[in-house]
Structure formats: structure tokens, C-alpha cells
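Only one structure is covered here, and it is reproduced in the block below.
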Amino acid sequence: IIDTFIYTKRHIDDDACYVHNIRKLDIANMPKFSEIEDHISRLLDGRQLYIFNAKFDVYKMQQSASDDFKIKASSIDCLMSLASSKLSSYYRISLADACDRVGVECGGHRAASDTLASIRLYKALTAKSEGIDLA
């Protein structure tokens with residue numbers, strides 16, 4: 001498991017700082033994505049991935065990585081799309097809203113806690129699709 005901030009030289013806008021509770025000072029001495037991309041690549045290799053807002057996260061990883069970085073997952077699916085579909089949401093649903101709608105604990109808007117929240121959400125959504133009503 002990788003649980004770290006990632007350094008970026010890009011501007012972090014005020015809204016993002018507020019939502020994620022991250023300041024430039026918090027990331028000043030953190031690794032660049034390219035410094036840990038080999039480890040990330042090995043962790044993802046051959047796995048079935050569900051990523052909340054997958055298109056955005058995959059884009060950000062590729063944007064931050066070296067040209068050699070490849071995600072070699074067996075599949076990448078968007079948990080946000082799955083949640084929107086299963087919960088009959090006609091708008092972009094947030095992880096917090098999706099978790100709330102199925103009654104599971106959400107994360108603290110940090111990578112590790114949001115990952116655990118995504119796992120709980122996935123389990124709840126797939127249980128719901130198997131006929132277990134969580135609402």
C-alpha cells in the first residue's frame with residue numbers, strides 16, 4: 001500500500017486546498033509521482049481496478065508519470081459511474097454522497113481512507129445488485 005502525498009510544482013487552487021485540506025507546505029518534501037511510479041505499476045499489474053472517478057485519476061497519474069509508465073491492470077472501471085448507475089443518480093455523485101446513500105462510512109478525503117471507503121461502497125453496491133436492499 002502506498003499512502004503518501006505527492007509533490008507537484010503546479011498551482012493548487014484554493015478550493016482544492018480547502019476540500020483536500022492540503023497546503024503547498026504539506027507536499028514540499030514529498031516524492032514526485034515519477035519517483036514511486038514503478039512501485040505503483042507493480043501494485044496495479046494484472047489487477048481489476050475500481051477507481052472512483054477513474055478517468056480523472058488515470059489522467060492525473062499519466063500526466064504526472066514518465067513516458068514509460070503504463071497501467072497494466074486487467075481492467076479499470078469507474079466506481080463513480082457504477083454508483084451513479086446503481087443509485088439512479090443522474091448527476092456526478094461524490095464518494096461521500098454515494099457512501100451516505102448506501103449507509104457506509106466514508107473516508108476523510110485522504111487517499112487511504114477514501115480507498116477503504118471505496119471498498120466499502122463497492123461491496124455495498126454489489127450486494128445491492130445481488131438483491132440485498134441497503135436503502
Rounded to the nearest 0.5 Å, what's the gap from [atom1] on [X] to [atom2] on [Y]? Could you check?
X: Asn53; Y: Ile93; atom1: CG; atom2: CD1; result: 12.5 Å
X: Ile2; Y: Glu37; atom1: CD1; atom2: CD; result: 11.0 Å
X: Leu95; Y: Cys106; atom1: CG; atom2: SG; result: 4.0 Å
X: Arg120; Y: Leu125; atom1: CZ; atom2: CG; result: 13.0 Å

Could you please spell out the steps behind the side-chain contact (heavy atoms from CB on, under 4.5 Å) verdict for Ile6 and Thr4?
CA-CA 6 Å; Ile6 302 293; Thr4 185; 4.0 Å; yes
Using only atom types and a distance under 3.5 Å, with no angle test, would you say the side chain of [X] pairs donor to acceptor with the backbone of [Y]?
X: Lys24; Y: Thr8; answer: yes
X: Gln62; Y: Tyr59; answer: no
X: Asp114; Y: Ala111; answer: no
X: Ser64; Y: Met61; answer: no
X: Glu105; Y: Ala117; answer: no
X: Ser84; Y: Met80; answer: yes
X: Ser41; Y: Lys70; answer: yes
X: Arg101; Y: Leu87; answer: yes

Would you kindly confirm whether [X] and [Y] end up in one hydrophobic cluster when ILVMFWY residues are joined by side chain heavy atoms under 4.5 Å apart?
X: Ile40; Y: Ile71; answer: yes
X: Ile76; Y: Leu82; answer: no
X: Met30; Y: Ile22; answer: yes
X: Tyr50; Y: Leu44; answer: no

### Check: Phe69 ring centroid to Phe33 ring centroid under 6.0 Å
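So the answer is yes for these two rings.
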Just wondering, more than 12 heavy atoms not from Asp13 lying within 6.0 Å of its CG?
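Yes, CG of Asp13 has more than 12 neighbouring heavy atoms, counting only those of other groups under 6.0 Å.
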Item to check | Within 6.0 Å of CZ in Arg110, more than 12 heavy atoms from elsewhere | outcome: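 Enclosed.
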- Query: Do the charged groups of Asp26 and Arg23 touch, with an N to O distance under 4.0 Å?
  - Reply: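 Here Asp26 pairs with Arg23 in a salt bridge, since their nearest N and O are under 4.0 Å apart.
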For Asp97, side-chain hydrogen bond (donor to acceptor under 3.5 Å, both in side chains) partners two or more places apart
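In terms of side-chain hydrogen bond (donor to acceptor under 3.5 Å, both in side chains), with neighbours along the sequence ignored, Asp97 is linked to Ser94.
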